[in-house]
Structure formats: structure tokens, C-alpha cells
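In what follows, a single structure is set out as C-alpha cells and then discussed.
For ligands, and for the atoms within them, numbers begin at 1 and follow the listed sequence.
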Amino acid sequence: MKEDKLIKIKEKALEDYIPIIMDDTLIEIEKRMKLVKPIKILEIGTAVGYSAICFSKFLDNEGKIDTIERDGERAEEAKKNIKEMNLEEKINIYIGDAVEILPTLNEKYDMIFIDAAKGKYPFFLKQALRLLSQNGIIFADNILYKGYVMSDYNKHKQRTAVRNLREYIAETTENPDLETEILEVGDGLAVTKIKSKNPVH
Ligand code: SAH
Ligand code: MG
């Protein structure tokens with residue numbers, strides 16, 4: 001891994017106000033990736049490729065990442081960054097709206113990282129559950145949205161986002177087939193797995 005190049009990509013993203021994954025959030029995800037090396041990863045929200053490049057370090061040798069970005073300019077920058085890191089074989093970018101692209105996918109993924117339009121999280125969840133392998137894991141970033149999600153005061157323009165993030169939390173925590181942790185790292189990280197069905201004797 002070309003660490004110096006990765007640092008440059010990170011610094012430029014921060015300078016350009018691109019909301020890349022926060023360090024403590026990344027540490028939590030990487031911890032879990034070390035336990036179960038994912039073979040296929042799906043990311044919703046590439047931006048300039050920073051998080052996908054970070055995840056690629058913990059992929060299985062045969063592993064691949066599909067990532068979706070609707071902003072053409074960002075996707076082009078992501079392509080450039082991925083090429084500079086020699087990861088073109090590992091990371092594939094779909095350019096377009098995830099709302100349209102997700103329903104066309106039919107592979108199973110061991111890890112899904114949701115990090116795009118907050119108002120679409122319930123839709124992304126439905127698609128993620130359809131695409132998740134039995135032992136897979138779903139991470140949803142920004143799930144606590146600067147604390148708005150857990151506070152009563154929501155007379156903000158963020159109201160729709162907050163409503164949808166709450167819906168995501170409700171659906172993942174109340175569904176008896178799922179196991180969800182909400183971690184207070186970064187802007188909030190939801191970690192969801194399918195409950196194992198092994199009967200206990
Ligand atoms: N995962 C990146 C940061 C993503 S920022 C990292 O940590 O490095 C969120 C990105 O999601 C933005 O670039 C935005 O353009 C994209 N996005 C938002 N809604 C989307 C949608 N519906 N489909 C595809 N991309 C979307
Ligand atoms: Mg984010």
C-alpha cells in the first residue's frame with residue numbers, strides 16, 4: 001500500500017470539503033474486517049475513493065469492491081486515485097444514482113458500506129439486505145447525523161434526513177432476524193448482521 005499517496009488523497013479530500021470517513025469510524029470497520037476478511041464489498045457513496053481504498057487493505061486476496069457514485073466529477077477523481085494506488089483490478093466504480101443501480105445488482109456481498117444520501121437510507125437498507133450474504137455485515141455511516149437523530153429538536157432543513165435515519169435504526173434494531181449495534185464513533189455508525197439461526201441445544 002502506498003501510504004504516502006493515500007495520505008495525499010485524504011488531505012486533498014479534506015481540503016475540498018469532501019465528507020470522507022472519519023478515522024475512528026474507519027478503525028471500528030477495520031477491526032471487524034480483520035476478523036472476517038470480506039471477499040466482496042459493496043459501497044454506496046464513493047466520493048473520491050478514499051474509504052474504498054482503505055477497505056481494500058483488508059480484502060481477501062481474491063476480493064473485489066463495487067462502489068457507486070452519482071457525482072461524475074467525484075467519480076472521475078476516484079478513478080484517478082484508484083489507478084494511482086494500482087487498485088483498478090480490485091475496485092470497480094458504477095457511476096450513477098444508487099437508487100437506480102442497486103436494483104440491477106444480483107451478486108452477494110460480505111460487507112456493505114452505506115455512506116450516501118441520508119434520505120435514502122431505508123431504501124439502501126432494503127437493497128443491502130437483499131444483496132447481503134448470510135454471514136455478511138452492513139455498516140451505515142452518519143447514522144447519528146451530528147446528534148440530530150437522538151435529539152427532539154429537529155426544526156431543521158435536515159428533517160427528512162433525520163426521519164429516514166431514525167427509520168433505518170428502527171428497522172435494523174426491531175427486526176428479530178437482525179443484530180444491530182449503534183456506535184458513537186465519527187458521525188455515528190450502525191453495524192448490522194443477520195442473526196445466526198444455529199439452534200441452541
Ligand atoms: N465513502 C466516501 C465518502 C462518501 S460521501 C469516503 O468515506 O471516502 C457521500 C457520497 O455519496 C457523495 O460523493 C455523493 O455524491 C454520493 N451520493 C449521495 N447520494 C447518492 C446516490 N443516491 N447514489 C450515488 N451516490 C450518491
Ligand atoms: Mg460518511
Side-chain angles (χ1 to χ4, degrees), residues 1 3 5-30 32-33 38 41-59 65-85 87 90-105 109 111-128 131 137-149 158 160-162 164-165 168-169 182-192:
M1 177 68 55
E3 287 297 337
K5 276 195 180 159
L6 183 58
I7 290 167
K8 288 216 177 82
I9 291 169
K10 180 183 182 183
E11 280 170 356
K12 174 155 197 311
L14 292 172
E15 264 167 39
D16 294 343
Y17 299 102
I18 291 165
I20 55 170
I21 191 166
M22 294 174 86
D23 293 339
D24 52 349
T25 308
L26 189 59
I27 287 169
E28 284 299 326
I29 294 178
E30 288 178 347
R32 289 162 170 81
M33 291 180 76
I41 297 178
L42 174 64
E43 175 179 72
I44 309 171
T46 318
V48 295
Y50 176 70
S51 52
I53 292 168
C54 293
F55 297 154
S56 73
K57 285 191 243 180
F58 300 97
L59 266 179
I65 301 177
D66 286 332
T67 178
I68 309 174
E69 174 56 53
R70 70 174 168 195
D71 180 308
E73 225 174 275
R74 285 190 180 174
E76 284 314 315
E77 193 169 337
K79 274 193 182 160
K80 195 188 101 217
N81 290 336
I82 288 163
K83 187 150 193 258
E84 272 179 13
M85 299 295 293
L87 290 166
K90 296 263 161 212
I91 306 175
N92 159 55
I93 306 182
Y94 290 111
I95 304 176
D97 193 326
V99 172
E100 281 153 33
I101 292 172
L102 287 168
T104 69
L105 303 180
Y109 293 92
M111 167 177 155
I112 300 178
F113 181 54
I114 302 176
D115 191 20
K118 299 173 188 75
K120 297 279 156 42
Y121 271 36
F123 176 81
F124 295 155
L125 175 65
K126 268 197 201 89
Q127 293 294 319
L131 295 165
I137 186 161
I138 303 173
F139 297 102
D141 193 26
N142 307 95
I143 201 70
L144 298 175
Y145 197 13
K146 302 177 185 163
Y148 299 145
V149 170
Q158 300 87 350
T160 313
V162 167
N164 284 289
L165 293 170
Y168 183 100
I169 293 172
I182 307 289
L183 306 180
E184 287 181 41
V185 289
D187 198 20
L189 181 71
V191 184
T192 299

(request) Using a 4.5 Å cut-off on heavy atoms from C-beta on, say whether the side chain of Thr46 contacts that of Asp71. (result) no
(request) Could you tell me the residue and atom name of the protein heavy atom closest to atom 18 (C) of ligand 1, and the distance to it rounded to 0.1 Å? (result) Ala117 N, 3.4 Å
(message) As a test of understanding, state which of Leu144, Asp115, Ile29, Asp24 forms a side chain to side chain contact (heavy atoms under 4.5 Å, CB included) with Leu189.
(response) Ile29
(request) Output all residues satisfying ring-ring contact (aromatic ring centres under 6.0 Å, His included) with Phe113, sequence neighbours left out; order by chain, then residue number. (result) Phe55
(request) Would you check whether Arg74 reaches within less than 4.0 Å of ligand 1, judged by its heavy atoms? (result) yes
(message) Suppose I only count heavy atoms of Tyr50 and a 4.0 Å limit; which atoms of ligand 1 are within that range?
(response) 8 (O)
(request) May I have all residue pairs that pass salt bridge (Lys or Arg N to Asp or Glu O under 4.0 Å) and include part of residues 74-84, sequence neighbours excluded? (result) Lys12-Glu77
(message) Can you tell me how far apart CG (Leu59) and CE (Met33) are? Round to the nearest 0.5 Å.
(response) 5.5 Å
(request) From the options Pro19, Gly45, Gly186, select the one whose nearest heavy atom is closest to atom 5 (S) of ligand 1. (result) Pro19
(message) Heavy atoms only, cut-off 4.0 Å: how does Glu43 contact ligand 1, side chain, backbone, both, or neither?
(response) side chain
(request) Please work out whether the ring planes of Tyr121 and Phe124 are parallel, tilted or perpendicular, with thresholds of 30° and 60°. (result) tilted
(message) I'd like to check which ligand 1 atoms, numbered from 1 as shown, lie under 4.0 Å from a non-hydrogen atom of Gly96.
(response) 23 (N), 24 (C)
(request) Please write down residue, atom name and distance for the protein heavy atom closest to atom 25 (N) of ligand 1. (result) Arg70 N, 3.2 Å
(request) Look up atom CD1 in Ile21 and atom CG in Asp187, then write down how far apart they are to the nearest 0.5 Å. (result) 11.5 Å
(request) State whether the shortest distance between N or O atoms of Lys120 and N or O atoms of ligand 1 falls below 3.5 angstrom. (result) no
(request) List every atom of ligand 1 that sits less than 4.0 Å from any heavy atom of Asp97, numbering the atoms from 1 in the order shown and giving each element. (result) 21 (C), 22 (N), 23 (N)
(request) Give yes if a backbone or side-chain nitrogen or oxygen of Ile21 is under 3.5 Å from a nitrogen or oxygen of ligand 1, and no if not. (result) yes
(message) Considering both backbone and side-chain atoms of Ser51, is one of its nitrogen or oxygen atoms within less than 3.5 Å of a nitrogen or oxygen in ligand 1?
(response) yes
(request) Note the single closest protein heavy atom to atom 3 (C) of ligand 1, along with its residue, its atom name and the distance in Å. (result) Asp115 OD2, 3.3 Å
(request) If you have a sec, work out which protein heavy atom is nearest atom 17 (N) of ligand 1 and how many Å separate them, to one decimal? (result) Ala116 CB, 3.7 Å
(request) Take Ile114 and Tyr168 through the test side-chain contact (heavy atoms from CB on, under 4.5 Å) and record every step on the way to the result. (result) CA-CA 11 Å; Ile114 302 176; Tyr168 183 100; 3.8 Å; yes
(message) Just verifying a value: how many Å separate Ile82 CD1 and Lys90 NZ, rounded to the nearest 0.5 Å?
(response) 13.0 Å
(request) Determine whether Gln127 and Ile44 make a side-chain contact, defined as any pair of heavy atoms from C-beta on separated by less than 4.5 Å. (result) no
(message) Please report the interatomic distance CG(Leu14) to NZ(Lys10), rounded to the nearest 0.5 Å.
(response) 6.5 Å
(message) Which of the numbered atoms in ligand 1 are under 4.0 angstrom from any heavy atom belonging to Ile20?
(response) 6 (C), 7 (O), 8 (O)
(message) Checking a contact table here: which protein heavy atom is nearest atom 23 (N) of ligand 1, and how many Å away?
(response) Ala98 N, 2.8 Å
Could you give the side-chain donor-acceptor pairs of residues 92-102 under 3.5 Å, partners two or more places apart or in another chain?
{"unit_1": "Asn92", "atom_1": "ND2", "unit_2": "Asp66", "atom_2": "OD1", "d": "2.9"}
{"unit_1": "Asp97", "atom_1": "OD1", "unit_2": "Val99", "atom_2": "N", "d": "2.9"}

(request) Using a 4.0 Å heavy-atom threshold (strictly under), name the region of Thr46 that reaches ligand 1: side chain, backbone, both or neither. (result) backbone
(message) Check for me whether Ala13 has a heavy atom closer than 4.0 Å to any atom of ligand 1.
(response) no
(request) Give a yes or no on this: more than 12 heavy atoms of other residues, nucleotides or ligands lie within 6.0 Å of atom CD of Glu184. (result) no
(request) Note the single closest protein heavy atom to atom 14 (C) of ligand 1, along with its residue, its atom name and the distance in Å. (result) Glu69 OE2, 3.5 Å
(request) Provide the protein N, O or S atoms situated under 2.8 Å from the Mg ion (ligand 2); waters are not included. (result) Asp115 OD1, Asp141 OD2, Asn142 OD1
(message) Measuring from atom OG1 of Thr192 to atom CD1 of Ile138, what distance do you get when rounded to the nearest 0.5 angstrom?
(response) 6.0 Å
(message) Taking distance alone, with N or O pairs closer than 3.5 Å, would you say Val99 contacts ligand 1?
(response) no
(request) Kindly indicate whether the side chain of Phe139, heavy atoms from C-beta on, has any atom under 4.5 Å from the side chain of Arg32. (result) yes
